[in-house]
Amino acid sequence: MADPAKTEEKRRAWGDEDEEEDSSSVASSSLVTAASVAAEGKAAEGEASELKKIEELSITEKSRTLDDPEDSEIKAVTSGNTVYEAAVKFEDLNLSQDLIKGLYVEMGFTRPSKIQAVSLPMILTPPYKDLVAQAHNGSGKTTCFVLGMLSRVDPTKEGPQAMCICPTRELAQQNQAVLMRMGKYSGITSMCAIPSESAGYIPVYKRPEVKEHVVIGTPGTIKKLMTGRKLKTGNIKILVFDEADHMLAEGGFKDDSERIMKDIRKESGGCQVLLFSATFNETVKAFVSNVVRDGNQIFVKKEDLTLEKVKQYKVKCYRDRERPDERLKIEVIKKILEYGQKVGQTIIFVRTKESARNLHKQLSSEGYECTSIQGALVIEDRDKIIKEFKDGLTQVLITTDLLARGFDQAQVNLVVNHDLPVNYESYRRGSPEPDCEVYLHRVGRTGRFGRKGAVFNLLGSRDDEALLEMIENHFQHKIPMVDNGQNDDSIVNAIKDAGLL
DNA sequence: AAAAAAC
């Protein structure tokens, strides 16, 4: 539907948003069999001074139906003396009846997923400790922090008591949508603090004070409201950073995030801070555990992060010459879409806004319906394109890394990397390295909640081949090559092998 | 290079 020429672009886009992580589907459950507590080191039994215990939560999961992405062990390190028991049922969590009803009736959940089982007790048990939590894509992280926020709000009191900071507008909106559904029966109110349409822009000083209980938004708007004294943070009890590794990364939102965290911690007299993401590279991890020194931690080994039900492939899209063959990429994409349309929705990732536009134009002109989104679009168009895709009105969405993180759409079962994610710093240094974290997030747009999916990585050069090899090594996961031949069934077979079709 | 962002 979307006509590329029709979508206006703004010279300076200051919208933010992106979409979140777990949405509609049933959080399928993993069975928590045992939580054995092993004392760190060879500490003698009487050593009460030992502050840290390492709990190896060995978790066997039984994926009963189609859900259950998390196979691997997650390792939890607790701080302090509290012993947490994994929640087998939502009833184990002392939630209000309103929230229980929201989980079962509105969300349709049955039991906590693995990350929920492990993290929710840590979030909800006093004394309220900070938490850094890593879990697989599509494993239900959003539910963890949304439930955390809802549980800590007193609906009889007015004003902000919980806050969530996200990297993009789309993600903030998606998270708020989840919160509203889950909190449907609780009487808890929320607002989305993101840049609004330029037409209806109201300067901060003219806005009323925020009265809602929960504020979800992007760093700039949140900061603006805070400095404009329209967002009082004195009663904030819980502060969440979604996609926390990115929110705290150099070159990410580090400065904004630290500022916000510092101010709120001071104003509120110390509030609980939750950091959630599917990825934490070593640099961020070191920094993060410094930020939440006295907190609990949940981590997953990077080798265990790849989603089993999502099949990854690579396709050679260059011929003899060692330069990208855009034409060949288009042909391969067309092949993928031919069959992809039959199985569900497709997201195509590109590196730049310009490629998003160009690819959109090209595919459209060849009769392949698609839409595209990137940060230069005006907010109205961004919202419209997301809505159309979420409503299933469009099948193919071309995007920059705007949607790499958190975007949750169960029907997406094909992801195409038209360009591989490259670490910009290394690129500038002249020795390009892949951005493995972004790669993992892109892959995670499919296979939500244990569903099946396929990812096609288009290799435009020998360099791309080397990049993907580094990604394979990073995750210790070999990615098979699929023939690009236009005359055989390699692509179809790959889609079939992934369990689609 | 992507994203957020202002009055």
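Throughout, a chain's letter reflects where its sequence line sits, starting with A, and its residues are numbered from 1. The shown structure was predicted, so the numbers you read here are calculated from the model rather than taken from an experiment.
Distance CD1 (A:I165) to P (B:dA5): 11 Å, rounded to an integer number of Å. Here the P atom of nucleotide B:dA3 and the OH atom of A:Y424 are 13 Å apart, to the nearest Å. Rounded to whole Å, the distance from NZ on A:K230 to C1' on B:dA6 is 17 Å. For A:E250 and B:dA3, the CD to P distance is 20 Å, given to the nearest whole Å. In this entry the distance linking OH of A:Y205 with C1' of B:dA6 reads 13 Å, nearest Å. Atom CG of A:D401 and atom P of B:dA4 are 12 Å apart (whole Å). Separating the CG atom of A:L377 from the C1' atom of B:dA4 is a distance of 15 Å, rounded to the nearest angstrom. Rounded to whole angstrom, the span from the CE atom of A:M226 across to the P atom of B:dA4 amounts to 20 Å.
Among the nucleotides B:dA5, B:dC7, B:dA2, the one closest to the side chain of A:Y201 is B:dC7. Ranking B:dC7, B:dA6, B:dA2 by closeness to the A:K224 side chain, first place goes to B:dA6. For A:F253, counting side-chain heavy atoms from C-beta on, the closest listed nucleotide (B:dA5, B:dA3, B:dA1) is B:dA3. For A:R351, the listed nucleotide lying nearest its side chain is B:dA1; candidates were B:dA3, B:dA1, B:dC7. Listed nucleotides B:dC7, B:dA4, B:dA2 differ in distance to A:R382; the shortest reach to its side chain belongs to B:dA4.
Nucleic acid contact class of A:G228 (heavy atoms, under 4.0 Å, all strands): none.
For the OP1/OP2 pair of B:dA4 and a distance below 4.0 Å, the side-chain nitrogens and oxygens of A:T221 include no atom meeting the criterion. OP1 or OP2 of B:dA3 has at least one side-chain nitrogen or oxygen of A:T400 nearer than 4.0 Å.
Evaluation of the ring pair (Phe, Tyr, Trp, His ring centres under 6.0 Å) test over residues 209-237 of chain A, restricted to residues two or more places apart or in two chains, returns none.
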Enumerate donor-acceptor pairs with a distance under 3.5 Å from any side-chain N or O in residues 266-275 of chain A to protein atoms, sequence neighbours excluded.
unit_1, atom_1, unit_2, atom_2, d
A:S268, OG, A:I264, O, 2.6
A:Q272, OE1, A:R152, NH1, 2.7
A:Q272, NE2, A:I123, O, 3.1
A:Q272, NE2, A:K129, O, 2.9

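Between A:F280 and A:F299, the distance separating the two ring centers is shorter than 6.0 angstrom. Between A:F253 and A:H246, the ring centre distance stays below 6.0 Å.
Rounding to the nearest 0.5 Å gives a distance of 9.0 Å between OG of A:S139 and NZ of A:K114.
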